[in-house]
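Shown next, in structure tokens, is the structure this report addresses.
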Protein chains: 2
Amino acid sequence: MTHDAPNLDEFLCFAIHSTARAINRAAKPLLDELGLTYPQYLVMVVLWAEDDQTVGQIGEKLFLESSTLTPLLKRLEQAGYVRRARDAADERLVRVRLTETGRALGHRSDCTSKLLRKVLQGNEVRELRDRVVSLRERVRAAERDDALPTD
Amino acid sequence: MTHDAPNLDEFLCFAIHSTARAINRAAKPLLDELGLTYPQYLVMVVLWAEDDQTVGQIGEKLFLESSTLTPLLKRLEQAGYVRRARDAADERLVRVRLTETGRALGHRSDCTSKLLRKVLQGNEVRELRDRVVSLRERVRAAERDDALPTD
DNA sequence: GTCGATTACATCGTGCGCGATATATAAATG
DNA sequence: CATTTATATATCGCGCACGATGTAATCGAC
């Protein structure tokens, strides 16, 4: 190398970035069976845990903006998995509710995602997950403060 | 929750996915100064380490397809950071070379990315990075085998 | 109650990321 | 040498992801 350029392999951010994409690719065949993309699946997971949430609530849990969620939710609606409707009491809110089909998908996914969970949710990776989450929160905090902690 | 739906917080894949996006967001102000997106920055890192590589070589290092790289490289070319030219000996290959401006950017980036590296390249995260990389390779191997190892 | 500020969502434009497919060159096979 | 096969890149379509902006409903101050 011609000068002291940063080496790709040293970047934790590249490690995480590339791992996220690798997981996405690996999960695709499983999600194809459900007719969902990975971000759509995440939204469904949120709704399976608690039905009838607003766009904002879903976005808060997944760290997504309405500009991402609105079209995604429209696709989920078109697929027949959710219904979107303005809240009667506060017309600004859009409540997202599972259809029967969408709810039923949750049970199917319990089976089809076992494979994924075997690799990505087992005991042996719990610590790794916690560390990644704590890194995420560190990064998010640093972004908010606009001054990264020296630690 | 109405039934035993998978909980979002338990997914390592979500942890990694969301962390990757958090890093991306945090890095953006720094990369804006360089006039680069994060994927463009990664390509530049590859070229700063070794100039004059083919599209395929770059893709191999970043795990990216030509369908992603070709338009990205065209944007880098339009920005004046690289030049693309067919290899004289093998006209199938496209060789990507840094311009003077592109090479110079590497020195500026040594300064501007210090902040990023402080969080993401320090000693304290080396082990985490290694674990994430090893997870990535496990996932990639599992995808290739189309049968995930039970370990 | 009226008006300005806030909130919640939608829209738009840009750039990935990737599967499917196309194209052109090169290598291999006969 | 002609024809198949393989390789390298490009093109296309779709779905995120997000910043910037728009719009409508609600809240607050008065």
Side-chain angles (χ1 to χ4, degrees), chain A residues 13-14 17-29 31-32 34-44 53-60 62-79 82 84-96 140 143, chain B residues 13-14 17-29 31-32 34-44 53-60 62-79 82 84-96 140 143:
Chain A
C13 50
F14 175 68
H17 190 84
S18 55
T19 302
R21 286 189 288 116
I23 291 174
N24 230 313
R25 278 195 296 271
K28 190 167 184 303
L31 292 174
D32 280 348
L34 298 177
L36 295 171
T37 65
Y38 182 63
Q40 287 169 9
Y41 175 68
L42 291 180
V43 169
M44 294 301 282
Q53 297 193 60
T54 67
V55 173
Q57 288 174 316
I58 297 170
E60 206 168 321
L62 298 178
F63 309 103
L64 289 173
E65 308 296 317
S66 75
S67 45
T68 301
L69 278 176
T70 297
L72 188 156
L73 289 169
K74 283 183 177 176
R75 281 185 284 272
L76 280 182
E77 188 172 39
Q78 192 151 18
V82 305
R84 297 156 60 249
R86 292 276 168 186
D87 187 299
D90 187 342
E91 290 270 340
R92 290 173 306 180
L93 303 174
V94 168
R95 310 206 70 91
V96 183
R140 282 166 53 78
E143 195 196 356
Chain B
C13 50
F14 176 68
H17 190 84
S18 55
T19 303
R21 286 189 289 118
I23 291 173
N24 230 313
R25 278 195 296 272
K28 190 167 184 302
L31 292 173
D32 280 347
L34 298 177
L36 295 172
T37 65
Y38 182 63
Q40 287 168 9
Y41 174 68
L42 290 179
V43 169
M44 294 301 283
Q53 297 193 57
T54 67
V55 174
Q57 287 174 315
I58 297 170
E60 206 168 322
L62 298 178
F63 309 104
L64 290 173
E65 308 296 318
S66 74
S67 45
T68 300
L69 278 175
T70 297
L72 188 156
L73 289 169
K74 282 183 177 176
R75 281 186 285 270
L76 281 181
E77 187 172 41
Q78 191 151 20
V82 305
R84 297 156 60 249
R86 292 275 169 187
D87 188 299
D90 185 343
E91 291 269 340
R92 292 172 304 180
L93 303 174
V94 168
R95 310 206 69 93
V96 182
R140 282 167 51 79
E143 194 196 356

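Order of the sequence lines fixes the chain letters, A, B, ..., with proteins taken first and strands second; residue numbering starts at 1 for each chain.
Taking for each of B/Pro71 and A/Pro71 the nucleotide of DNA chain D with the nearest heavy atom, the 5'-most of the two is the partner of B/Pro71. Comparing A/Leu73 and A/Lys28 along DNA chain C, the residue whose closest nucleotide (by nearest heavy atom) sits nearer the 5' end is A/Leu73. Toward the 5' end of DNA chain C, the nearer of the two residues A/Ser67 and A/Arg21, judged by each one's closest nucleotide, is A/Ser67.
Regarding A/Asp32, its CG atom lies at a distance of 13 Å from the P atom of D/dG15, rounded to whole Å. As a whole-Å value, the separation of A/Met44 CE from D/dC16 P is 13 Å. Remark: C1' of C/dG19 and OH of A/Tyr38 are 20 Å apart, rounded to the nearest angstrom. Distance B/Arg92 CZ to C/dA26 P: 7 Å, rounded to the nearest Å. The distance from atom CG of B/Asn24 to atom P of D/dC18 is 8 Å, rounded to the nearest whole Å. One interatomic measurement links the two molecules: CZ of B/Arg75 to P of C/dG15, which rounds to 5 Å at whole-angstrom precision. Distance CG (A/Asp87) to P (C/dT7): 18 Å, rounded to an integer number of Å. For the pair A/His17 NE2 and C/dG17 C1', the interatomic distance rounds to 9 Å; values are reported in whole Å.
A/Phe14 and B/Phe63 have parallel rings, their planes meeting at less than 30° on a 0 to 90° scale where 60° marks the start of perpendicular.
Of all the heavy atoms in A/Pro71 and A/Ser66, the pair that sits closest is CD-O, 4.0 Å.
Under a cut-off of 6.0 angstrom, the local environment of CD in A/Glu91 is crowded, with over 12 non-hydrogen atoms contributed by other residues, nucleotides or ligands.
To the nearest 0.5 Å, the span separating CZ on A/Arg75 from CG on A/Leu36 amounts to 12.0 Å. Within the model, atoms CZ of A/Arg84 and CD of A/Glu77 stand 5.0 Å from one another, a figure rounded to the nearest 0.5 Å. Interatomic distance, CZ of A/Arg86 versus CZ of A/Arg92, reported as 10.5 Å (0.5 Å rounding).
Within the structure, a side-chain polar atom (N or O) of A/Arg25 is placed less than 4.0 Å from OP1 or OP2 of C/dC18. Within the structure, a side-chain polar atom (N or O) of A/Lys74 is placed less than 4.0 Å from OP1 or OP2 of C/dT11. Residue A/Gln40 places no side-chain N or O under 4.0 Å from the OP1 or OP2 atom of D/dG15. Not one side-chain nitrogen or oxygen of A/Thr70 sits closer than 4.0 Å to the OP1 or OP2 atom of C/dC9. For B/Ser66, no side-chain nitrogen or oxygen approaches OP1 or OP2 of D/dT9 to under 4.0 Å.
Of the candidate nucleotides C/dA10, D/dA25, C/dA26, D/dA25 has the atom lying nearest to any side-chain atom of A/Glu91. Distances from the side chain of B/Leu93 to the nucleotides C/dA26, D/dC18, D/dT9 place D/dT9 closest. The B/Arg86 side chain lies nearest to D/dA10 when the options are D/dC16, D/dT26, D/dA10.
Counting any heavy atom pair closer than 4.0 Å across all strands shown, A/Leu64 reaches sugar-phosphate atoms only and no base atom. Note on A/Leu69: nothing from the nucleic acid sits closer than 4.0 angstrom, heavy atoms only. Residue contacts shown for A/Ala20 are absent, as no nucleic acid heavy atom lies under 4.0 Å away. Among the protein residues, B/Thr37 comes within range of the sugar-phosphate backbone only, with heavy atoms under 4.0 Å from sugar or phosphate atoms but none that close to a base. In this structure, B/Arg84 reaches the sugar-phosphate backbone alone: every heavy-atom distance under 4.0 Å involves primed, P, OP1 or OP2 atoms, never a base.
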